[in-house]
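Structure, as structure tokens:
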Amino acid sequence: MPTFFVRDILNLVDTSFKYDYQLSNHNYDVASARLTAFNSDAGWVIFLEKLVSWPASMGIMLLTDACGTILDGFDGTFSPLISVDFGNYEIDDDGGMIPPEQIDVCIRNIEFQVKGSDVPLLANKEFDYNLLLHLLPNYRQDMLHTDAEFQCYIKGASKQKIIQLDNWFHDGNWNLKPSDTEVYQLICEVIATGNPKVYKPTKSPNTDSWKNFLKF
């Protein structure tokens, strides 16, 4: 296995992710996130997945950022398919969607229907976001990459998933770089040592609930 240095890894993370590592954005609302790192004989890679509602784009979607030395044509080609068809719907006096009675959803080519009346509504949030929160308990794993899909983006033969985090501490401070945060410092330490056991955070994780994402 080649030698990786934490500072070199952090420098590339800062250059590649910049503000993408943040779990809030003016254009979309994040409902869930995951961090995954792989290494191999040739190098390393980190993936940041964010399940979001982006009304001005494609609505509910998976945004994936990646950085590393062994990325191979990363362009989202192997991302799982997520599509939502609201059919005909009405707009209320405030310009918001009146939830349609039937919503057609397709995740990984599996089609099913959701009743609009079954979706709990949060004030001041687009219906897409409410629907995404409704889908998370049963479909979160299906809306994220599988290990095999990740590996399609990675060069080399001996690719190994070294760490995956569904819950970590996110500061929400836009003045910080990834290298200033404990989670990325520790992930880079894991990559450099090849030992997942060195991931020993000192701060309580806070990314396991969509309620916290609204505060970031």
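- With hydrogens and angles ignored, the 3.5 Å screen pairs no side-chain donor or acceptor of K203 with any backbone N or O of D171.
- Residues N173 and Y21 come closest through the heavy atom pair O-OH, 3.8 Å.
- Around the CG atom of N124, the shell of radius 6.0 Å holds no more than 12 heavy atoms that belong to other residues, nucleotides or ligands.
- Counting heavy atoms from C-beta on, the side chains of I107 and M143 come closer than 4.5 Å.
- The number of heavy-atom neighbours closer than 6.0 Å to CD of E126, taken from other residues, nucleotides and ligands shown, is 12 or below.
- The cluster map of Ile, Leu, Val, Met, Phe, Trp and Tyr, joined by side-chain heavy atoms under 4.5 Å apart, puts Y89 and L131 in the same cluster.
- In this structure, F127 is not a member of the same hydrophobic cluster as M58, with clusters built from ILVMFWY side-chain heavy atoms closer than 4.5 Å.
- The NE2 atom of H170 sits 14.0 Å away from atom CD of E182, with the distance rounded to the nearest 0.5 Å.
- Every salt bridge (Lys or Arg N to Asp or Glu O under 4.0 Å) that D166 has, sequence neighbours left out, goes to R140.
- For L12, the side chain to side chain contact (heavy atoms under 4.5 Å, CB included) partners at least two apart in sequence or on another chain are S16, W44, T69.
- To the nearest 0.5 Å, atoms CH2 (W54) and CG (D128) are separated by 13.0 Å.
- The salt bridge (Lys or Arg N to Asp or Glu O under 4.0 Å) test applied to K115 returns no partner, not counting sequence neighbours.
- With sequence neighbours excluded, no residue satisfies side chain to side chain contact (heavy atoms under 4.5 Å, CB included) with T15.
- Judged as a side chain to side chain contact (heavy atoms under 4.5 Å, CB included), and not counting sequence neighbours, the contacts of L35 are I46, L48, L165, W168, V183, Y184, I187.
- Residue Y19 shares its hydrophobic cluster (ILVMFWY side chains chained together at separations under 4.5 Å) with W174.
- One finds the CZ atom of R108 at 6.5 Å from the CG atom of D142 (value rounded to the nearest 0.5 Å).
- Contact detail for A192 and I9: the closest heavy-atom pair is N-CD1, 4.1 Å.
- Both I191 and F17 are members of a single hydrophobic cluster when ILVMFWY side chains are connected at heavy-atom separations under 4.5 Å.
- Placement of I60 and Y139 within a single hydrophobic cluster is found when ILVMFWY residues are connected by side-chain heavy-atom separations under 4.5 Å, directly or transitively.
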Donor-acceptor list for residues 95-106 side chains, cut-off 3.5 Å, not counting sequence neighbours:
| residue | atom | partner | partner atom | Å |
| --- | --- | --- | --- | --- |
| D104 | OD1 | Q113 | NE2 | 3.2 |

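- In this structure, Y129 has its ring center no closer than 6.0 Å to that of F213.
- A pairwise comparison of heavy atoms in V119 and V114 identifies CG2-CG1, 3.9 Å as the closest pair.
- Residues meeting the salt bridge (Lys or Arg N to Asp or Glu O under 4.0 Å) test with K161, sequence neighbours left out: D147.
- Note: D65 CG to L63 CG = 7.0 Å, rounded to the nearest 0.5 Å.
- One distance of note links NZ of K177 with CG of N11; it measures 8.0 Å at 0.5 Å rounding.
- Of all heavy-atom pairs between S53 and L132, the closest is N-CD2, 4.0 Å.
- Clustering of Ile, Leu, Val, Met, Phe, Trp and Tyr side chains at separations under 4.5 Å places F74 together with F38, V45, F47, I70, L71, F78, F150, Y153, I154.
- Taking CG of L62 as the start and NE2 of H145 as the end, the distance is 5.5 Å to the nearest 0.5 Å.
- Of all the heavy atoms in A33 and L23, the pair that sits closest is CB-CD2, 4.0 Å.
- Other residues sharing the hydrophobic cluster of L81, ordered by chain and number and joined by side-chain separations under 4.5 Å: none, the residue standing alone.
- The cluster map of Ile, Leu, Val, Met, Phe, Trp and Tyr, joined by side-chain heavy atoms under 4.5 Å apart, puts L135 and Y28 in different clusters.
- Qualifying salt bridge (Lys or Arg N to Asp or Glu O under 4.0 Å) partners for D85, counting only residues two or more places apart in sequence or in other chains: none.
- When all heavy atoms of T207 and N167 are compared, the closest pair comes out as N-OD1, 2.9 Å.
- No more than 12 heavy-atom neighbours from other residues, nucleotides or ligands sit within 6.0 angstrom of CG on N88.
- Residues satisfying the side-chain hydrogen bond (donor to acceptor under 3.5 Å, both in side chains) test with S179, not counting sequence neighbours, are D14.
- Counted by atom type alone, Q164 and T36 present one or more donor-acceptor pairs between their side chains at under 3.5 Å.
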